[in-house]
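By convention in this document, chain letters (A, B, ...) are assigned in the order of the sequence lines, proteins followed by strands, and residues within each chain are numbered from 1.
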Amino acid sequence: MTVDPFQDLEQQLRARVAERRAPQRTRWQALRAKRSWQIFLTVIAAGGVTTGALAATGNLPILRSGDRDSDPNYMVLTAPGIDVAATAKPTLLPLRVRDPQGGPPWAVRTFPIGRGRVCAQAGQLYEGRFGVVTQVVNRQIEPSANGPAPAKTVFQELAPSAVMLGVRCGAARGGGQLVAANRVSRIINPDGTDLRCGNTPPQRGVPPCPITAVTVVRWGFLGPRANTATFVEPGGRRGPTQQLDPRTGGAYLFAESVDPTPFRESQRFERTVREQIRTRFPDLDAHRRSDSRQLRERMRELRAYTRALSEKVRPQRRANWRAQQAEAVDATFTGAAPRRVAGPGSKGGPLPGVAPVTTSIPKVAPAKISATFRGRQRAVEVRFASPVALDAHPGSYAVSVRGPLGGACGKARSSQADYARETAAGEVIVVRLRPITATPLRRVPTWCQGARYEVKVRHVVRNSNTPGLRSEQLVGRTEFEAG
Amino acid sequence: MMSLRRPPTDAALVARIAAGDPDAFSVLYRRHLDGVVAFHRRRVASPEQAFDLAAETFAAIVTSAGDYRADGPAVGWIYGIARNKLRESLRRSRIEETARAKLTLEPVVLDDAALELVEARADAGDEQLRRALADLPAGTRDAVLARIGDEDDYGVIAARLGCSEQVVRKRVQRGLATLRAGLDQETP
């Protein structure tokens, strides 16, 4: 089971918003409603959709194979993308796999974003639309336009780079494909088994949603020499094998149902931890009703206790996490040994037939850097002519300032800004930097007057898709005095 | 029967939050979470504090949704709350808990994995803002950055950009509306 703190926060705030809806409730009733306190420990977050998100699909009718073109139980919503830099329409790859829960089939599409980069996105295909069967909240936000909210499954159409289920981007190779990328989403309760159970976090008196099924969606690109990809189930049993097409960059895609037991066990463990806290702090509700000072004190104790407990249970959580991440993908290649490319036991390193980009780190010539301090604006403008083009190459500039902190002129610290926009060689880049933030809660409002600050501009190459492709070259440095 | 609808505006969502619609809150929360986390993360030293400030910001959105007057883009109102929460915390040298206390929210405990999530959200928010800002006209971008990013007063920005305060207000308003359109999204 995966829960993140933002989800906890969302659920708590949702409950408070709902409480505001009922003016007919008496003050006492409202107070009683607030008694449903829960303590939520954060568990390890997995890449993928969480229990809360999918459990919320409830007992909505799920589209069955064969009738998806005319199923009246689907509502389609559109999610705009975040990436305004998508430079062309997406290309749908010819991969299709069936959804183990009987929903629309899964597919992968790619789209370029400029600077020689391409992004890939997995999703489901429904009536020619690309998206994902998603959660109940998206259905409920549209309740009244066509009458009362129908019990419809929602198909959320995704714009390119909408972040649902994740998008993977990297340098395009060969035929413009993304390679050496692997991604996984674990979808809990994809069939939305029971709407009557409590969501994450559980509500008072309502049992948590039992974990009935888990779907793993694993996809990626293995390069032009990849022949097959095989899904390996958590227990080691070999699942389906796909023949890969070099024209797609060796794209593979699996949507497989896996044993939900480790997820259930993790859920049980987290429930035990919550109970432990509840037993230790049985008096919070009483304090909440009566004494805010005592409540604050108990809350402080609660925080300390949950932090300590969190430390204690961390090993078990790690073990639970590993048990949930146990599936893998094995691949075969032309002219190279088979290897595990994703999941436990997989090794990094260049894929057969995929030329590493390590040779293309450009030699960056020094450039003159100017730093103009604008006292009124409390900012410094750093200017320099870009010695290399920021184009297809995965490079960027890091502009850092180092100097003493604020009015008290404390210890020297560094502050950094990154610049990664498409830029021609010789083009003048202007980066504006604000004073350094000093401590967590004491922001330094000004530079340290009269102090000297050092500005450094470095050309940085970091590419997580290509191990070893990492460089930092100093472009130039200068100093300025804060007036 | 298929139905395709435009996502609701922030202002409409805030009105529905005020009326007690939790789903409207979820939509607004997911739409702006990364941006708000990024806003705070850039200004405080630790992810825990960024999380606390984001929590306080959204709690304040819930408590003050009824006071929102739709005389400008709601995104400005949201970041205004974020800014105020940050200011209060800086002034008092501790993270404010007023709104969360008012709503009697339970503490959310953050372990290492959760802190990584906070950082990831902040990065995503930064990236969204960077990309969206890149598309704004230069004058508008400067005005939005100065107002939202650097928290400058309209008068100060006007003097710097060499235009009237009214022009700055209009640019910020337009810029925020464009940003809202660019950032309109659902998160996983």
Side-chain angles (χ1 to χ4, degrees), chain A residues 4-6 8-10 12-18 20-22 34 37-42 44-45 49 53 72 74-85 137-138 140-142 145-146 156 162-166 288 299 302-303 306-307 310 314 377 421 434 437 439-443, chain B residues 1-8 17-27 29-30 33 43-46 49 51 55 58-59 62 89-90 93-95 101 103-114 116-118 121 124 128 131-132 134-135 150 160 181-188:
Chain A
D4 79 35
F6 295 101
D8 287 353
L9 179 64
E10 179 186 356
Q12 290 200 61
L13 286 168
R14 274 178 63 87
R16 299 304 182 261
V17 170
R20 302 183 149 230
R21 181 170 40 195
K34 282 183 186 172
W37 69 277
Q38 303 100 20
I39 304 300
F40 313 119
L41 284 184
T42 304
I44 297 165
V49 179
Y74 264 64
M75 175 186 284
V76 178
L77 299 174
T78 301
I82 56 162
D83 195 340
V84 292
V137 63
N138 289 321
Q140 291 182 340
I141 61 169
E142 311 290 338
N146 290 336
Q156 179 85 51
V163 294
M164 202 175 283
L165 291 187
R288 177 165 294 121
M299 289 297 232
L302 171 67
R303 258 187 218 111
T306 47
R307 275 200 189 110
S310 206
R314 187 172 292 165
Q377 297 169 28
R421 294 177 58 186
R434 302 286 299 178
T437 300
T439 65
L441 295 174
R442 191 168 56 81
R443 196 168 56 129
Chain B
M1 187 187 350
M2 290 301 138
S3 50
L4 277 170
R5 302 186 188 114
R6 292 183 68 77
I17 291 169
D21 180 348
D23 296 330
F25 174 77
S26 278
V27 175
Y29 177 83
R30 288 160 186 229
L33 179 60
R43 291 161 175 77
V44 295
S46 77
Q49 284 151 345
F51 177 84
F58 281 104
V62 171
S89 294
L90 294 170
S93 293
R94 63 179 170 82
I95 303 282
L103 294 174
T104 61
L105 295 192
E106 303 299 338
V108 176
V109 179
L110 302 168
D111 64 12
D112 288 351
E116 277 173 26
L117 268 183
V118 176
R121 290 252 175 219
Q128 276 172 38
R131 286 177 179 158
D135 261 19
D150 301 338
R160 187 190 320 150
L183 297 177
D184 195 1
Q185 54 148 332
E186 297 296 334
T187 53

Worksheet item: For I17(B) and V17(A), which heavy atoms make the closest approach, and how far apart are they?
Response: O-CG1, 3.8 Å
Practice prompt. Check for a donor-acceptor pair, side chain of Y29(B) on one end and backbone N or O of L9(A) on the other, with a separation under 3.5 Å.
Written response: no
Worksheet entry | Heavy-atom closest pair, residues R14(A) and P22(B) | NH1-O, 3.1 Å
Worksheet entry | Spatial distance of atom CZ (F25(B)) from atom CG (L13(A)) [nearest 0.5 Å] | 4.0 Å
